[in-house]
Amino acid sequence: MGRIERLSRNLFGAWFQLRRCFPSTLLDEMATAIHDGERHHCGELRFAVESRLSPSAVWAGVTARQRAQQVFSQLGVWDTELNTGVLIYVLLAERRIEIVADRGLVERVERGAWERVCAGMRAAFAAGHWREGSLEGITAIHALAVASFPSDGRDNPDELPDRPVLL
């Protein structure tokens, strides 16, 4: 098998894995859960899933946490009025889940809370429960945001897209 065929097969396999774990029906459910939850707090949640790091990122020694921080920036999660953006980043190949929160939430939420959300999602994903793990993670983030930045009843503009991103 030639180099181009191997690359093509690897890329197709990565795409297939993303779609198998996160089909469009699940992405729709997740977008609805994100939208509905954001009505109760002044935060913004993004969800991004990546099948694997690029070969150049692996070669450069990029960690899942560093990649999550890059995606946080690329998706503009930092660009909210109250600095209350949160990214849930899932790296399938490494079975890693990273949560990156903007400074408004970092100041008010203990680090262990983020780790507990990741642990719950990781356990569900390990059992093949992609839907449940994703929706429970979204719900848990909303609960943390409500405790830290509850909606005060005023208009809460949707500053970031709600649909999860497959990278």
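Hydrogens, waters and symmetry mates are skipped; everything else that's a heavy atom, side chains included, is used.
Taking all atoms of both residues into account, the shortest heavy-atom contact from G104 to F149 is O-CE1, 3.3 Å. A68 and L87 get closest at one heavy-atom pair: O-CD2, 3.4 Å. L135 and A33 get closest at one heavy-atom pair: CD2-CB, 3.9 Å. Residues C42 and L82 share a closest heavy-atom pair of CB-CD1, 3.7 Å. Smallest separation of non-hydrogen atoms from A93 and R52: CB-CB, 3.7 Å. Smallest separation of non-hydrogen atoms from A48 and L167: CB-CD1, 4.1 Å.
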Checklist entry - side chain to side chain contact (heavy atoms under 4.5 Å, CB included) between L144 and R108: does it pass, once the steps are laid out? => result CA-CA 9 Å; L144 293 172; R108 296 185 183 193; over 6 Å; no

Checklist entry - Run the side chain to side chain contact (heavy atoms under 4.5 Å, CB included) check on W59 and S54 step by step: do they pass? => result CA-CA 9 Å; W59 183 259; S54 70; over 6 Å; no

Next on the checklist: Could you go through F47 and V165, starting from their C-alpha distance and side-chain angles, then the distance that decides it, and tell me whether this counts as side chain to side chain contact (heavy atoms under 4.5 Å, CB included)?
Outcome noted: CA-CA 6 Å; F47 200 113; V165 177; over 6 Å; no

Checklist entry - Could you go step by step and tell me if I88 and R46 meet the side chain to side chain contact (heavy atoms under 4.5 Å, CB included) rule? => result CA-CA 6 Å; I88 298 175; R46 292 297 318 258; over 6 Å; no

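With rounding to the nearest 0.5 angstrom, the CD atom of Q70 is 11.5 Å from the CG atom of L75. Rounding to the nearest 0.5 Å places CZ of R20 at 8.5 Å from CG of L92. With rounding to the nearest 0.5 angstrom, the CD atom of E44 is 10.5 Å from the CG atom of D79. Taken from CZ in F72 to CD1 in I99, the straight-line distance is 12.0 Å, to the nearest 0.5 Å. Taking CH2 of W78 as the reference point, atom CD of Q69 lies at 15.0 Å (rounded to 0.5 Å). Of the inter-residue distances, the one linking Q66 atom CD with T63 atom OG1 reads 3.5 Å to the nearest 0.5 angstrom.
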Mind listing the side-chain donor-acceptor pairs of residues 118-132 below 3.5 Å, one per line with the distance, residues two or more places apart or on another chain?
residue, atom, partner, partner atom, Å
R131, NE, E29, OE1, 3.0
R131, NE, E29, OE2, 3.1
R131, NH2, E29, OE1, 2.7

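Listed by first and then second residue, the side chain to side chain donor-acceptor pair (under 3.5 Å) pairs involving residues 80-96 are E50-Y89, N83-R103, R96-E98 (not counting sequence neighbours). Under the side chain to side chain donor-acceptor pair (under 3.5 Å) criterion, the residue pairs touching residues 140-149 are H41-H142, with sequence neighbours excluded.
Using a 4.5 Å cut-off between side-chain heavy atoms of Ile, Leu, Val, Met, Phe, Trp and Tyr, with links allowed through other members, L26 and V90 fall into the same hydrophobic cluster. Under the 4.5 Å side-chain heavy-atom criterion for ILVMFWY residues, a single connected hydrophobic cluster contains both L105 and I138. Criterion: ILVMFWY side-chain heavy atoms under 4.5 Å apart, direct or through other members. Under it, F22 and L45 are part of a common hydrophobic cluster. Under the 4.5 Å side-chain heavy-atom criterion for ILVMFWY residues, a single connected hydrophobic cluster contains both V49 and V117. Clustering ILVMFWY residues whenever any of their side-chain heavy atoms sit less than 4.5 angstrom apart, transitively, puts L18 in the very cluster that holds L27.
Considering only residues two or more places apart in sequence or on other chains, T139 meets the side-chain contact (heavy atoms from CB on, under 4.5 Å) condition with none of them. Under the side-chain contact (heavy atoms from CB on, under 4.5 Å) criterion, H40 pairs with V146, not counting sequence neighbours. For W114, the ring-ring contact (aromatic ring centres under 6.0 Å, His included) criterion is met by no residue, not counting sequence neighbours.
Side-chain contact between R116 and E110: present, with at least one pair of heavy atoms (C-beta onward) separated by less than 4.5 Å. No side-chain heavy atom of V86 sits under 4.5 Å from any side-chain heavy atom of V100.
Just one residue in the list D158, D162, L160 forms a side chain to side chain contact (heavy atoms under 4.5 Å, CB included) with I34, and that residue is D162.
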